[in-house]
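Have a look at this one before I ask anything.
Quick caveat: nothing in here was measured; it's all calculated off a predicted structure.
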Amino acid sequence: MKKKSRKLVIDFAVVLMLVNVFSLTGCGSMENTSAQEEMEVQSEISETGQDVTAAITGAEVSCDEDSVQTSNDKQGAETGGMIRAYSDTEKERMAKLKESYQNETAKPEKMIQEVDSAEGVTEGTLCYIISTGEYYLPDRELTDEELLEIIDCNFRITLNTNRKTEAEWEAEDRAKRAELEANVKAADGISEEEAIEIAQKAMEDDIGEKAKGMQLRPWEERYGWKTDLCIADWSEIKEEDRGAIGYYMQFDFGDDSDDTTSYHCTVNAVDGSILEAYRMEYTFEGDSISWDTVYYEH
């Protein structure tokens, strides 16, 4: 499986934020009307860490400020001449607010107003035009609240665009896993259980007494997988090791413990070497999360 987010604690923070997002209705909304839909949302969250980040930053959103304003003349004709470009100061403030939104230190007080078509626009009032996927920007400087409403709308639109059913995610996950397992077998690699033993030994060597009581957190328990079999291609992996197939795993004290220490290890699935190992401890400070990370050489 292609690893999209290595740190489960970061995924956990994202999930906390999304609990509020999915309870909203309107622009890009996903109402949880059944247990099945809730399962689909959770499946989506676990696999779209990078998509979530892109949504917050607007990198892949079709109605982001840069892409929405690609042609003022064309859009102006379609919406009665109401679409305008963002000012330089609005763009600067937008960039800062995006970062605050991502860090959960700023959020809009309400959802953006939506209208079905340009005819429903109220002059001087920010809104999202559903039929064209565009924003009507009042002929004045937008407030921080209005910019945050746009950022929040972009975020939810991207989640809706990327959404898949649970069955689709499962089929995709199993196919990727099967392909990697076949490659490991063809290379006469190690088993998942052997990789776990190697990681446990590395943990004991790296953090000593702290390792006592720490248990492996299953990666995809519903599939019967204990680790994430993945391509080790993220930046912390040594350049000569990138592209190797690895078993990634996390050990911690469980959800009921006050100790937030976790140990993360990626073991080469072919030769059993340690591709990456680090200890992490996170704390909540108000509405934000911070963590301390220590890497170990092997």
Side-chain angles (χ1 to χ4, degrees), residues 13-14 16-32 41 44 48-163 286-288:
V14 172
L16 288 178
M17 179 173 64
L18 293 182
V19 167
N20 293 326
V21 172
F22 289 123
S23 67
L24 302 175
T25 59
C27 172
S29 66
M30 294 199 295
E31 299 182 56
N32 292 334
V41 168
E44 177 182 9
T48 57
Q50 291 180 340
D51 296 332
V52 167
T53 302
I56 295 172
T57 62
E60 298 178 359
V61 180
S62 60
C63 62
D64 185 54
E65 63 270 20
D66 293 329
S67 56
V68 168
Q69 308 298 340
T70 55
S71 175
N72 288 338
D73 292 340
K74 178 177 181 294
Q75 294 176 353
E78 292 173 350
T79 57
M82 293 182 293
I83 301 296
R84 70 164 176 85
Y86 288 80
S87 69
D88 290 341
T89 54
E90 285 173 335
K91 290 179 180 179
E92 292 175 2
R93 289 163 52 221
M94 175 78 82
K96 294 178 180 179
L97 288 169
K98 282 176 183 174
E99 183 176 352
S100 298
Y101 184 92
Q102 181 177 0
N103 294 332
E104 299 184 72
T105 57
K107 60 182 179 180
E109 295 180 359
K110 61 182 181 67
M111 288 180 59
I112 195 169
Q113 178 181 322
E114 297 178 26
V115 296
D116 292 329
S117 64
E119 287 71 25
V121 171
T122 300
E123 185 176 357
T125 302
L126 170 71
C127 66
Y128 175 72
I129 305 172
I130 298 173
S131 61
T132 61
E134 299 166 346
Y135 293 112
Y136 161 65
L137 308 184
D139 190 18
R140 57 171 171 77
E141 192 79 3
L142 296 177
T143 65
D144 285 358
E145 164 64 21
E146 289 170 327
L147 291 174
L148 282 168
E149 289 175 15
I150 292 172
I151 293 168
D152 182 62
C153 183
N154 284 342
F155 174 68
R156 284 177 284 113
I157 287 173
T158 296
L159 286 179
N160 260 350
T161 301
N162 291 329
R163 192 179 186 192
D287 293 332
S288 63

Practice item. Tell me yes or no: between the side chains of Glu145 and Thr143, is some donor less than 3.5 Å from an acceptor? Key: no
Point to revise | Interatomic distance, Lys98 atom NZ to Ile151 atom CD1 [nearest 0.5 angstrom] | key: 6.5 Å
Practice item. Go through the steps to decide whether Tyr86 and Ile150 satisfy the test side chain to side chain contact (heavy atoms under 4.5 Å, CB included), and finish with yes or no. Key: CA-CA 12 Å; Tyr86 288 80; Ile150 292 172; 3.4 Å; yes
Check your understanding: Would you say Asp152 and Ile112 make side-chain contact, with heavy atoms under 4.5 Å?
Key -> no
Point to revise | Rounded distance [0.5 Å steps], CZ in Arg140 versus OG in Ser87 | key: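 So the gap between those two atoms works out to 11.5 Å.
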Practice item. Could you tell me which residues satisfy side chain to side chain donor-acceptor pair (under 3.5 Å) with Lys96, sequence neighbours excluded, listed by chain and number? Key: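 With neighbours one apart ignored, the set is empty.
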Review point. Heavy-atom distance under 4.5 Å between the side chains of Thr125 and Pro138, does that happen here?
Key: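 No - every pair of side-chain heavy atoms lies 4.5 Å or more apart.
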Review point. When you measure from the side chain of Tyr136 to the backbone N and O of Gly124, does any donor-acceptor pair fall under 3.5 Å?
Key: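 Side chain of Tyr136 to backbone of Gly124, a donor-acceptor pair under 3.5 Å: yes, one is there.
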Practice item. Would you please name every residue forming a side chain to side chain donor-acceptor pair (under 3.5 Å) with Gln113, sequence neighbours left out? Key: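 Partners of Gln113 by the side chain to side chain donor-acceptor pair (under 3.5 Å) criterion come out as none, since no residue qualifies.
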Check your understanding: How about Asn154 and Tyr101: do any of their side-chain heavy atoms sit closer than 4.5 Å?
Key -> no
Practice item. Nearest 0.5 Å please: distance from the CD1 atom of Ile129 over to the CD atom of Glu119. Key: 9.0 Å
Point to revise | Electrostatic pair Arg93-Asp144, nearest N-O below 4.0 angstrom | key: yes
Point to revise | Residues which pass side chain to side chain donor-acceptor pair (under 3.5 Å) with Ser131, listed by chain and number, not counting sequence neighbours | key: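 Per chain and number, Ser131 pairs via side chain to side chain donor-acceptor pair (under 3.5 Å) with no residue.
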Check your understanding: For the atom pair CG (Leu97) and CG (Leu148), what is the distance rounded to the nearest 0.5 Å?
Key -> 4.5 Å
**Study point:** Donor-acceptor contact below 3.5 Å, side chain Ser100 vs main chain Thr105
**Key:**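 Absent.
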Review point. Should Leu126 and Leu137 count as side-chain neighbours, where that means a heavy-atom distance under 4.5 Å?
Key: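 Answer yes - side chains close enough.
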Check your understanding: So which heavy atom on Arg84 is nearest to which on Asp139, and how close?
Key -> NE-CA, 4.1 Å
